[in-house]
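For reference, the structure is listed below as structure tokens.
All residue numbers in this chain count up from 1 along the given sequence.
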Amino acid sequence: MTDREIQAKLAELDRILNDLETRMDPHRVWTLLAEISGKGQASRAGA
């Protein structure tokens, strides 16, 4: 994952967690965290 992709995911995560007008989506939060931490890439590589 490139730095640009990581920054975009962090921005989306920040928006979900801090923007009062954005609906909280726990599944998306956990998905973003897994992708950012690299676990999302490892599971896709094995698939």
Quiz item: Does the Gln7 side chain pair with the main chain of Arg4, one donor and one acceptor, at a distance under 3.5 Å?
Solution: no
Practice problem: Determine which pairs satisfy salt bridge (charged side-chain N to carboxylate O under 4.0 Å, His left out) with at least one residue from residues 14-30, sequence neighbours left out, and list them in order. | Solution: Glu12-Arg28
Quiz prompt | Taking every non-hydrogen atom, the tightest pair across Ile16 and Thr22 | solution = CA-CG2, 4.1 Å
Quiz item: So how far is it from Asn18 CG to Leu13 CG, rounded to the nearest 0.5 Å?
Solution: 8.5 Å
Quiz item: In a check of side chain to side chain contact (heavy atoms under 4.5 Å, CB included) between Lys9 and each of Leu32, Leu33, Thr31, which one passes?
Solution: Leu32
